[in-house]
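Here's the structure we're looking at; comments come further down.
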Amino acid sequence: MTFRLPDLPYAKDALAPHLSAETFEFHHGKHHAAYVDKLNQLVANTEWAEVPLEDIIRKAKPGPLFNNAAQHWNHSFYWNCLSPKGGGEPSGKLADELRRAFGGFDVFKSQFSETAQAVFGSGWAWLVRKAGGGLAITTTPNAENPLARGETTLLTCDVWEHAYYIDYRNSRPNYLKAFWQVVNWEFASAQL
Ligand code: FE
């Protein structure tokens with residue numbers, strides 16, 4: 001099995017000015033591509049060669065194999081969490097579940113922003129459905145993701161510096177403001 005860099009689900013300049021074409025050239029074209037290349041090198045001619053990506057993530061020990069597999073998964077998921085038609089608020093079942101879990105969309109949004117802002121160093125902020133049901137905001141460091149905890153991922157925000165340094169330099173808060181302008185609620189709803 002050879003892992004492939006997925007195409008972006010939109011043109012690389014489609015999210016400008018919130019996220020620039022240059023950001024996608026590097027984040028997708030260089031960073032994500034490098035994770036895929038490294039993953040292919042690590043699994044070639046090993047017991048992992050035919051193992052599906054999610055199984056590698058669930059079974060690999062901490063280390064380069066897990067890191068590159070999980071970063072491939074995380075980024076593939078993240079591209080879908082953004083859309084040129086994004087922004088605004090979710091509707092339907094997702095809106096109901098957010099109200100149930102957080103009391104309202106605005107409360108959720110500020111809690112998610114605060115949580116994403118508070119990630120120290122590289123990592124990810126997530127909206128998940130917990131194994132027992134109910135929505136929650138969670139974070140993971142580095143390459144980790146919520147799959148191994150049995151949680152269903154609905155939405156993620158990449159808070160590695162490489163996600164925002166070209167457009168926002170060191171300002172993660174400005175990146176998070178941009179994230180809400182292009183967040184793809186249709187995709188998040190479809191994960192429920
Ligand atoms: Fe990234």
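Any value given below was found using the heavy atoms of this structure, including those in side chains, with hydrogens, waters and symmetry copies removed.
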Give the minimum heavy-atom separation between [X] and [Y], together with the two atoms involved.
X	Y	result
Ala163	Asp158	CB-O, 3.5 Å
Pro6	His28	O-NE2, 2.7 Å
Cys157	Phe112	CB-CE2, 3.9 Å
Val182	His18	CG1-CD2, 3.6 Å
Arg172	Val159	NH2-O, 3.3 Å
Phe66	Ile57	CE1-O, 3.4 Å

Results of side-chain hydrogen bond (donor to acceptor under 3.5 Å, both in side chains) for [X] - residues two or more places apart only:
X	answer
Ser113	Trp180
Arg129	none
Trp73	Glu54
Asn40	none

Can a donor-acceptor pair be found, under 3.5 Å and without considering hydrogens, that links the side chain of [X] to the backbone of [Y]?
X	Y	result
Trp126	Ile137	no
Thr156	Ala125	yes
Ser20	Ala16	no

Tell me whether the count of non-hydrogen atoms from other residues, nucleotides or ligands lying under 6.0 Å of CZ in Arg58 goes above 12.
yes
Joint hydrophobic cluster, Val119 plus Tyr165, side-chain heavy atoms closer than 4.5 Å:
no
Tell me which donor-acceptor pairs under 3.5 Å the side chains of residues 185-192 have, and how far apart each pair is, sequence neighbours excluded?
from	atom 1	to	atom 2	distance (Å)
Trp185	NE1	Gly88	O	3.0
Ser189	OG	Trp185	O	3.0
Gln191	NE2	Phe187	O	3.1

When rounded to the nearest 0.5 angstrom, what distance separates [atom1] in [X] from [atom2] in [Y]?
X	Y	atom1	atom2	result
Leu39	Leu5	CG	CG	12.0 Å
Leu42	Asp37	CG	CG	11.0 Å
Cys81	Asn74	SG	CG	10.0 Å
Phe3	Leu53	CZ	CG	5.0 Å
Phe77	Asn145	CZ	CG	9.5 Å
Phe24	Asp167	CZ	CG	8.5 Å

Summary of salt bridge (Lys or Arg N to Asp or Glu O under 4.0 Å) pairs that have at least one residue in residues 76-85, sequence neighbours excluded:
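Counting only pairs at least two positions apart or across chains, no salt bridge (Lys or Arg N to Asp or Glu O under 4.0 Å) contact touches residues 76-85.
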Any salt bridge (Lys or Arg N to Asp or Glu O under 4.0 Å) involving residues 131-154? Give me the pairs, sequence neighbours left out, ordered by first then second residue.
Arg149-Glu151
By salt bridge (Lys or Arg N to Asp or Glu O under 4.0 Å) - contacts of Lys12 (at least two apart):
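With sequence neighbours excluded, Lys12 shows a salt bridge (Lys or Arg N to Asp or Glu O under 4.0 Å) to Glu25, given in chain and number order.
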List the steps and the verdict of side-chain contact (heavy atoms from CB on, under 4.5 Å) for Leu65 and Ile56.
CA-CA 8 Å; Leu65 176 63; Ile56 296 177; 3.9 Å; yes
Mind checking ring pair (Phe, Tyr, Trp, His ring centres under 6.0 Å) for Tyr164 and listing every partner two or more places apart, or none if nothing turns up?
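Result, ring pair (Phe, Tyr, Trp, His ring centres under 6.0 Å) vs Tyr164: Tyr175.
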For His162, ring pair (Phe, Tyr, Trp, His ring centres under 6.0 Å) partners two or more places apart:
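Testing His162 for ring pair (Phe, Tyr, Trp, His ring centres under 6.0 Å), a comparison that skips the adjacent residues, returns His27, His31, His75, Trp160.
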Under 3.5 Å, which donor-acceptor pairs do the side chains of residues 95-104 form with other protein atoms, sequence neighbours left out?
from	atom 1	to	atom 2	distance (Å)
Asp96	OD1	Arg99	NH1	3.2

Linking Ile, Leu, Val, Met, Phe, Trp and Tyr by side-chain heavy atoms under 4.5 Å, what else ends up with Phe26?
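Cluster partners of Phe26: Ile166.
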Run through Leu8, Asn184, Asp7 and flag the one making a side chain to side chain contact (heavy atoms under 4.5 Å, CB included) with Trp79.
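The option that passes is Leu8.
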Centroid separation under 6.0 Å, is that true for the rings of Phe179 and Tyr168?
no
